[in-house]
Peer 1: 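Let me give you the structure first, and then I'll get to my questions.
Note: hydrogens, waters and symmetry copies are ignored here, and every other heavy atom, side chains too, is used. Everything quoted here is computed from the prediction, not taken from an experiment. In this chain, numbering begins with 1 at the start of the sequence shown.
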Amino acid sequence: MHDQPLTPELFSWEFAADPYPAYAWLREHAPVHRTRLPSGVEAWLVTRYADAKQTLADNRLSKNPAHHDEPAHAKGRTGIPGERQADLMTHLLNIDPPDHTRLRRLVSKAFTPRRVAEFAPRVQELADGLIDRFADSGSADLIHEFAFPLPIHAICDLLGVPREDQDDFRDWAGMMIRHGGGPRGGVARSVKKMRGYLAELIHRKREALPADPAPGEDLISGLIRASDHGEHLTENEAAAMAFILLFAGFETTVNLIGNGTYALLTHPGQRDRLQRSLAAGERGLLETGVEELLRYDGPVELATWRFATEPVTIGGQRIAAGDPVLVVLAAADRDPERFADPDVLDLGRRDNQHLGYGHGIHYCLGAPLARLEGQTALATLLTRLPDLRLAVEPAELRWRGGLIMRGLRTLPVEFTPPRGGPRT
């Protein structure tokens with residue numbers, strides 16, 4: 001079956017622009033499909049919803065790259081570029097229980113719905129402040145001027161990165177995004193710089209840590225406090241944890257805001273529906289709408305790497321121990337077996353158990369924060385710039401050619417400058 005000439009070409013630039021027809025073909029004809037990735041690594045792609053959900057929760061599939069039966073030419077080509085050399089491997093995306101359980105428990109307190117709700121005014125302030133910078137010009141690149149800086153500054157605030165250092169973080173994060181689909185060297189250099197900075201920041205915060213935590217204490221201080229109180233969090237683990245929260249917490253949200261805005265601008269009926277709902281002071285459609293945008297064209301195309309620790313069978317396909325398995329969230333979330341009219345964007349969709357945040361023990365820890373940022377960003381854009389429109393034809397937009405993430409390189413828009421200048 002895999003040799004059929006009909007098999008669509010995967011990972012080309014055309015595929016990056018619209019992978020959904022190829023994923024529909026795979027779901028129907030080769031739902032668990034072995035392919036050679038652009039990096040040279042061979043991996044299994046899981047594309048049906050039921051198989052995807054089962055795979056995400058299967059404890060025989062490890063997150064630890066030590067279980068990868070790597071051929072020499074594929075050494076170090078899985079995971080985040082540079083994390084091995086920078087000693088950042090011990091983070092939540094690379095470990096299994098019991099370490100995963102212990103480390104996740106330590107940071108989960110920062111992402112409770114209550115803590116995230118307390119953070120809402122800051123996210124609103126960030127969204128308004130960024131729009132103020134370009135509102136008078138009547139045009140903007142929403143990726144670089146809005147979708148990218150908003151989650152970076154939000155996660156920096158949450159971690160406790162001082163405001164005066166946040167521009168450095170923005171530069172390193174920009175390098176990671178820009179090089180994400182190309183040579184790994186640029187990303188690895190940025191990862192190394194970030195690692196050095198985080199180690200130094202952890203050291204500085206440890207020296208100045210007050211005896212008792214203040215309400216809403218930043219996350220890095222909380223990690224240090226936990227490690228000093230017998231939780232055995234090494235400095236490496238603390239740096240790796242801060243790094244992965246930043247890495248997992250910003251690019252995903254950049255793409256949620258970017259892909260979500262693009263989907264609304266190309267579905268005017270749904271966009272009008274949402275604007276009318278917001279104008280009436282309602283939140284319900286915004287909440288279901290962000291979930292639907294995650295399902296329809298979400299920020300994470302493939303779930304992060306998993307490796308079979310023993311032979312497993314997924315969707316009738318036997319997979320050998322040591323083989324990498326990639327769950328294609330973008331394919332599962334458009335499976336007609338699970339979602340009625342899956343290729344239709346319906347912001348009011350109710351039965352929407354999408355896999356955009358994953359499933360099982362690795363379900364996205366930052367989901368409440370991502371929801372808040374996505375809802376705030378879209379509502380603020382549509383309310384303050386009501387006639388927002390694309391400044392180019394959709395075919396002219398370029399998608400970033402990475403493996404895991406799905407996002408636009410740029411999103412040029414035009415709008416009528418609001419009267420009265422920036423908000424005070």
Side-chain angles (χ1 to χ4, degrees), residues 79-83 85-86 88 91-93 107 110-111 119 122-123 126-127 129-130 133 140-202 218-220 238-261 299-301 304 364-366 369-370 372-374 376-377 398-411:
I80 300 166
E83 63 182 2
Q85 298 90 318
L88 285 170
H91 61 64
L92 290 172
L93 296 185
V107 289
F111 293 100
F119 202 53
R122 174 62 181 144
V123 176
L126 281 168
L130 290 166
R133 290 183 194 175
D141 170 10
L142 281 186
I143 300 297
H144 291 279
E145 295 178 68
F146 187 69
F148 174 73
L150 191 148
I152 272 286
H153 290 299
I155 201 81
C156 280
D157 281 353
L158 204 67
L159 285 170
V161 174
R163 299 269 165 100
E164 62 270 20
D165 294 348
Q166 291 189 9
D167 284 344
D168 284 343
F169 253 83
R170 197 177 154 166
D171 291 346
W172 298 327
M175 284 285 287
M176 287 157 115
I177 277 202
R178 276 194 296 281
H179 291 289
R184 292 170 76 88
V187 183
R189 275 195 302 280
S190 297
V191 167
K192 203 168 177 185
K193 284 180 180 165
M194 208 173 264
R195 167 74 176 89
Y197 172 81
L198 287 169
E200 182 198 327
L201 182 63
I202 288 167
D218 70 72
L219 193 49
I220 290 179
M241 178 69 81
F243 166 74
I244 201 57
L245 291 174
L246 182 99
F247 194 89
F250 93 87
E251 191 174 356
T252 47
T253 313
V254 176
N255 295 348
L256 167 57
I257 298 168
N259 298 7
T261 304
V300 184
E301 193 166 334
T304 49
C364 174
L365 188 66
L369 179 62
L372 169 71
E373 291 177 340
T376 305
R398 289 288 167 265
W399 294 80
R400 282 198 301 276
L403 184 66
I404 301 294
M405 303 287 189
R406 173 163 172 77
L408 287 160
R409 290 171 180 262
T410 60
L411 184 56

Peer 1: In Å, rounded to the nearest 0.5 Å, how long is the span from CG of L159 to CG of L198?
Peer 2: 7.5 Å
Peer 1: What heavy-atom pair brings N255 and R400 nearest, and what distance separates the two atoms?
Peer 2: OD1-NH2, 2.7 Å
Peer 1: Return the minimal non-hydrogen interatomic distance between L256 and A370, and the atom names on each side.
Peer 2: CD2-O, 3.6 Å
Peer 1: Under the rule for side chain to side chain contact (heavy atoms under 4.5 Å, CB included), what residues qualify as partners of R122, not counting sequence neighbours?
Peer 2: F119, E125, L126, D157, R163
Peer 1: List for me each residue that meets salt bridge (charged side-chain N to carboxylate O under 4.0 Å, His left out) alongside D167, sequence neighbours excluded, and say none if there are none.
Peer 2: none
Peer 1: Hey, does the side chain of E145 reach the backbone of D141 with a donor-acceptor pair shorter than 3.5 angstrom?
Peer 2: yes
Peer 1: Can you give me the closest heavy-atom contact between L408 and G258, atom names plus distance?
Peer 2: CD1-O, 4.2 Å
Peer 1: In Å and rounded to the nearest 0.5 Å, what is the CD1 to SG distance from I220 to C156?
Peer 2: 9.0 Å
Peer 1: Among residues at least two apart in sequence or on other chains, which ones pass side-chain hydrogen bond (donor to acceptor under 3.5 Å, both in side chains) with D218?
Peer 2: K205, S221
Peer 1: Does T252 have any side-chain hydrogen bond (donor to acceptor under 3.5 Å, both in side chains) partners at least two apart in sequence or in another chain, and if so, which?
Peer 2: none
Peer 1: Donor-acceptor pairs are to be reported for all side-chain atoms of residues 147-154 against protein atoms at under 3.5 Å, with residues two or more places apart or in another chain.
Peer 2:
| unit_1 | atom_1 | unit_2 | atom_2 | d |
| --- | --- | --- | --- | --- |
| H153 | ND1 | Q166 | OE1 | 2.8 |

Peer 1: Can you tell me how far CZ of R170 sits from CG of D165, rounded to the nearest 0.5 angstrom?
Peer 2: 15.0 Å
Peer 1: Between W399 and R406, is there a cation-pi geometry (under 6.0 Å to ring centre, at most 45° from the normal)?
Peer 2: yes
Peer 1: Any side-chain heavy atom of L411 sitting closer than 4.5 Å to one from F146?
Peer 2: no
Peer 1: Taking side chain as C-beta onward, heavy atoms only, is T253 less than 4.5 Å from L369?
Peer 2: no
Peer 1: In chain order, what residues pass the side chain to side chain contact (heavy atoms under 4.5 Å, CB included) check against D168, with sequence neighbours excluded?
Peer 2: W172
